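For reference, the structure is listed below as structure tokens.
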Amino acid sequence: MAQRSQRTIRREATVGGVGFLTGADVTLRFLPAPEDHGIVFQRVDLSGKPCVPANLEHLTPRQRRTGIQKDGTSIDLVEHVMSALAGLQVDNCVVQLDAPETPGFDGSCRPVVECLIDAGFEEQSAKRPILAIQSHEQFVADDGGIIRAQPFGRRGMTITYLLDYGPRSPIPAQTYTVNVTPESFVNEICFARTFILDTEIAALKSLGYGPRTTAKDLLVFTADGVLDNELRAAEECARHKILDCIGDFALIGCDLQGYFNAWRTGHNSNHELMQKLRDIGQQTSGQAEAA
Ligand SMILES: [Zn+2]
């Protein structure tokens, strides 16, 4: 598979929203960045406006979400913004924000995608490195979820997510597969919203999370179905899990070529698989072909 050119955005773009965790008003400002810069978040609300590169080295442990940290500066819930950037193949960008977390928006990353498309894209001279999966790798998460990476004859990255919380779960078992391209990301993935069980909300509220978040802002599943909302697609939850995979996988900092198959996994398993792939050192030249 030939390497593609790196990309940044053509001009600055801004989008705002409310943070799911803190309830803070957050403004995100995307700025073009030079080749080989990567995605870097910048906290403009802190003195010195510190930066935190979005990569595996700066991951910080979080429950059911992805956070990054450097020298005491942290940014929480980066996965949906990372997914929008990766899905649209924006490799180099500064993401300024004025709060400790990104906005939750409608639980999806569609508003970020629309903002980036509005900014336009700029091809750069440097090529984007590719990591081609050469052998079967598997990671078994603490909760029993499994994620596998394997070589695949098709171009680029294909992800299958099998979501199955058992017959008693209000969330029906579902599966979705996508070959990830900017087109498929926009048409099939970016609109899929995050989801939660109504029985999980009290515990989160007791921790102070979600002071301004309502059932309209994400998918809340009750025994009777989705609360105060309509599904955007039959497999919206599985599609959202793929959205999360794309954002988490992007922390490895290169394109992936291979087939990924996930069953009941979450952010921590995504991170651990990427760390495993990085450590194996499978990064290959641009001429690499999947086996
Ligand atoms: Zn998510």
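The structure presented is a predicted model; accordingly, all values stated were derived computationally and were not measured. Atoms within each ligand, like the ligands themselves, are counted from 1 in listed order. The figures that follow rest on heavy atoms only: side chains count, while hydrogens, waters and symmetry mates do not.
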Are any non-hydrogen side-chain atoms of Val18 and Thr213 less than 4.5 angstrom apart? no
N-O pairing of Arg64 and Asp244 below 4.0 Å: no
Is it true that a side-chain atom of Gln96 and a backbone atom of Leu31 form a donor plus acceptor pair closer than 3.5 Å? no
Assess the side chains of His58 and Asn55: does a donor N or O sit below 3.5 Å from an acceptor N or O? yes
Protein N, O or S within less than 2.8 Å of the Zn ion (ligand 1), waters excluded: His80 NE2, His240 NE2, Asp244 OD1, Asp244 OD2
Assess Arg7 against Phe121: is NZ or CZ under 6.0 Å from the centre of the six-membered ring, and within 45 degrees of the ring's axis? yes
State whether Arg29 and Glu12 are salt-bridged, where the test is any N-O pair (Lys NZ or Arg NE/NH1/NH2 against Asp/Glu carboxylate O) under 4.0 Å. yes
